[in-house]
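Following: one structure in structure tokens, then a few remarks.
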Amino acid sequence: MNDTEVLDQFLREVSPTIEELVTQALRQGRALQHMAILLERAFDGSVRGGCGSRREIASKLGLDQRLAAEQRQAITSAMAIAGDDVPVVLVIHGEGHLTVGIRRLPGALVAIS
């Protein structure tokens with residue numbers, strides 16, 4: 001399985017979590033235009049992360065030395081142009097490497113009233 005397939009599979013697995021995080025954030029009064037999701041799957045399969053402001057998540061990942069400079073820049077750029085889409089950063093720990101991706105989910109698809 002290539003990196004894109006691994007990221008897509010992880011995204012499908014965590015879709016209910018993403019929906020729950022976005023719904024909870026919207027109920028707390030957060031705007032879609034400011035939120036992002038960061039989810040990280042450890043080598044043992046456990047998942048951690050959450051919903052935060054785009055600025056906070058971009059700042060955190062921008063300093064994360066586990067990521068290549070190109071990855072950090074791509075994440076920051078994607079956050080800046082996401083608009084009403086919800087940026088979802090996915091980090092998967094593999095044997096000796098990280099697989100990193102960002103998906104922009106249309107706000108209308110993840111916002112549940």
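Here the structure is a predicted model, which is why all the values come from computation and not from measurement.
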Mind checking what makes side-chain hydrogen bond (donor to acceptor under 3.5 Å, both in side chains) contact with Glu13, not counting sequence neighbours? Gln9, Arg41
Find out whether Ile75 and Leu67 are in side-chain contact, i.e. whether some heavy atom of one side chain is under 4.5 Å from a heavy atom of the other. yes
How does the hydrophobic cluster around Ile81 look, that is, which other residues are in it when side-chain heavy atoms under 4.5 Å mark a link? none
Val14 and its side chain to side chain contact (heavy atoms under 4.5 Å, CB included) partner, picked from Val88, Ile37, Leu21, Leu39: Leu39
Hey, could you give me the NZ/CZ distance between Lys60 and Arg72, rounded to the nearest 0.5 Å? 14.5 Å
When rounded to the nearest 0.5 angstrom, what distance separates CD in Gln71 from CD in Gln73? 12.0 Å
Return yes if some donor-acceptor pair links the side-chain N/O of Ser46 with the main-chain N/O of Ala42 below 3.5 Å, else return no. no
Rounded distance [0.5 Å steps], CE in Met35 versus CG in Asp84: 10.5 Å
Holding to side chain to side chain contact (heavy atoms under 4.5 Å, CB included), I want the full list of residues that pass it with Glu5, two or more places apart in sequence or in another chain. Met1, Asn2
Flag yes if Leu90 and Val47 sit in one hydrophobic cluster, no otherwise; membership is Ile, Leu, Val, Met, Phe, Trp, Tyr, and two members link when side-chain heavy atoms are under 4.5 Å apart. yes
With no hydrogens and no angle check, just 3.5 Å: does a side-chain donor-acceptor pair link Thr23 and Glu19? no
Partners of Arg103 by salt bridge (charged side-chain N to carboxylate O under 4.0 Å, His left out), sequence neighbours excluded? Asp8
Treat each ILVMFWY residue as a node, draw an edge where side-chain heavy atoms are under 4.5 Å apart, and state whether Ile102 and Val100 are in one component. yes
Among residues at least two apart in sequence or on other chains, which ones pass side chain to side chain contact (heavy atoms under 4.5 Å, CB included) with Arg55? Ser53
Say whether, by atom type as modelled, one donor and one acceptor occur between the side chain of Arg54 and the main chain of Gln33 under 3.5 angstrom. yes
Cluster overlap Leu38 with Leu26, hydrophobic side-chain contacts below 4.5 Å: no
All salt bridge (charged side-chain N to carboxylate O under 4.0 Å, His left out) counterparts of Glu40, not counting sequence neighbours: Arg48, Arg66
